[in-house]
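For reference, the structure discussed in these notes is given below.
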Amino acid sequence: MKNIHDGGGKPPFSYPVKVGHISANPVTVHLEANERECADLATLWQVVFVKSLIADLQITRWKKDGVRLKGRVTADIVQSCVVTLDPVESKIDEDFEQIFVPEGSKLARIVTNEAAEMVLDPEGPDLPETFAGDTIDAGVAVAEFAALAIDPYPRKAGVEFATHLEGDEDGTSGRPNPFAALKDWKKD
């Protein structure tokens, strides 16, 4: 996953991990966004408010040079209802797994068939993400997985879109039909 923050600043939620310090034995990490990070995430995600973002994950070595993040992310956010614009509270609770490999690693190559077409299994694991240097940012990965779980069209409970149709009671809109002039047109 690429960095989700804008420009050269620090990402809103960050937890750098030195790849060289990761062993085959999983390390359990608990991450929790503070008040400033929650405010920055709300801006990034374009939601009204982020009450909390918590992740419990295991970080372990994958193959020779890779790193695997596996865990669960939970968040409480407030969004605007797409119908009424009233605040809507939403909960995120997602399991995730992401593998990171160094840039140029053979493990990051996309599998192709004889016709040089990409072979992707939609139900299979995601392709490994690449990283440069000796650090990955587990906080950025957690924030991205949480962002993917945000409902793009939140609605307040019991609120529905009206079945309003533009037009008069007889079903016409009062405007001339732009195709009416073509109904009498015939080819000779």
Separation of [Y] [atom2] from [X] [atom1] (nearest 0.5 Å):
X: Q79; Y: Q46; atom1: CD; atom2: CD; value: 11.0 Å
X: E32; Y: C38; atom1: CD; atom2: SG; value: 8.5 Å
X: S14; Y: D40; atom1: OG; atom2: CG; value: 11.5 Å
X: C81; Y: Y153; atom1: SG; atom2: OH; value: 13.5 Å
X: L41; Y: F13; atom1: CG; atom2: CZ; value: 7.5 Å
X: I77; Y: L53; atom1: CD1; atom2: CG; value: 10.0 Å

Side chains of [X] and [Y] in contact at under 4.5 Å (non-hydrogen atoms):
X: D95; Y: R72; value: yes
X: V29; Y: I59; value: yes
X: L57; Y: L31; value: yes
X: V73; Y: I54; value: no
X: S80; Y: V88; value: no

>> For F131, give me all partners under ring-ring contact (aromatic ring centres under 6.0 Å, His included), at least two apart in sequence or on another chain.
In response: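 Not a single residue meets the ring-ring contact (aromatic ring centres under 6.0 Å, His included) criterion with F131.
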For [X], check salt bridge (charged side-chain N to carboxylate O under 4.0 Å, His left out) against everything at least two apart and list the hits.
X: K70; answer: none
X: D134; answer: K18
X: E89; answer: K51
X: D76; answer: K91

> Where do W45 and A143 come nearest, in terms of heavy atoms and distance?
Replying inline: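 Minimum heavy-atom contact is CZ2-O, 3.4 Å.
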> Taking all atoms of both residues into account, what is the closest heavy-atom pair of A24 and T60, and its distance?
Replying inline: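 Minimum heavy-atom contact is O-OG1, 3.1 Å.
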Which residues satisfy the side-chain hydrogen bond (donor to acceptor under 3.5 Å, both in side chains) test with [X], sequence neighbours excluded?
X: T74; result: none
X: T84; result: D86
X: H21; result: none
X: D151; result: none

> Who pairs with E103 by side-chain contact (heavy atoms from CB on, under 4.5 Å), at least two apart in sequence or on another chain?
Replying inline: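 For E103, the residues satisfying side-chain contact (heavy atoms from CB on, under 4.5 Å) (neighbours in sequence not counted) are T130, A132.
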> Is there a donor-acceptor contact under 3.5 Å from the side chain of R61 to the main chain of I22?
Replying inline: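 Yes.
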> Counting only N and O atoms by type, is there a donor-acceptor contact under 3.5 Å from the side chain of T43 to the main-chain atoms of A39?
Replying inline: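 Yes; at least one donor-acceptor contact below 3.5 Å.
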> Stepwise, does the side-chain contact (heavy atoms from CB on, under 4.5 Å) test hold for D65 with V101?
Replying inline: CA-CA 6 Å; D65 297 326; V101 295; over 6 Å; no
> ring-ring contact (aromatic ring centres under 6.0 Å, His included): which pairs involve residues 69-96, sequence neighbours left out?
Replying inline: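 Pairs touching residues 69-96 that pass the test: F96-F145.
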> Do V19 and L69 belong to the same hydrophobic cluster, where Ile, Leu, Val, Met, Phe, Trp and Tyr are linked whenever their side-chain heavy atoms lie under 4.5 Å apart, directly or via other members?
Replying inline: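 Linked, V19 and L69 end up in one cluster.
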> Are R68 and E97 ion-paired here, with the side-chain N under 4.0 Å from a carboxylate O?
Replying inline: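 Yes, charged N to carboxylate O under 4.0 Å.
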> Using links of under 4.5 Å between side-chain heavy atoms of ILVMFWY residues, direct or through other members, which residues join V48 in one cluster?
Replying inline: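 Hydrophobic cluster check, V48: joined to F49, V78.
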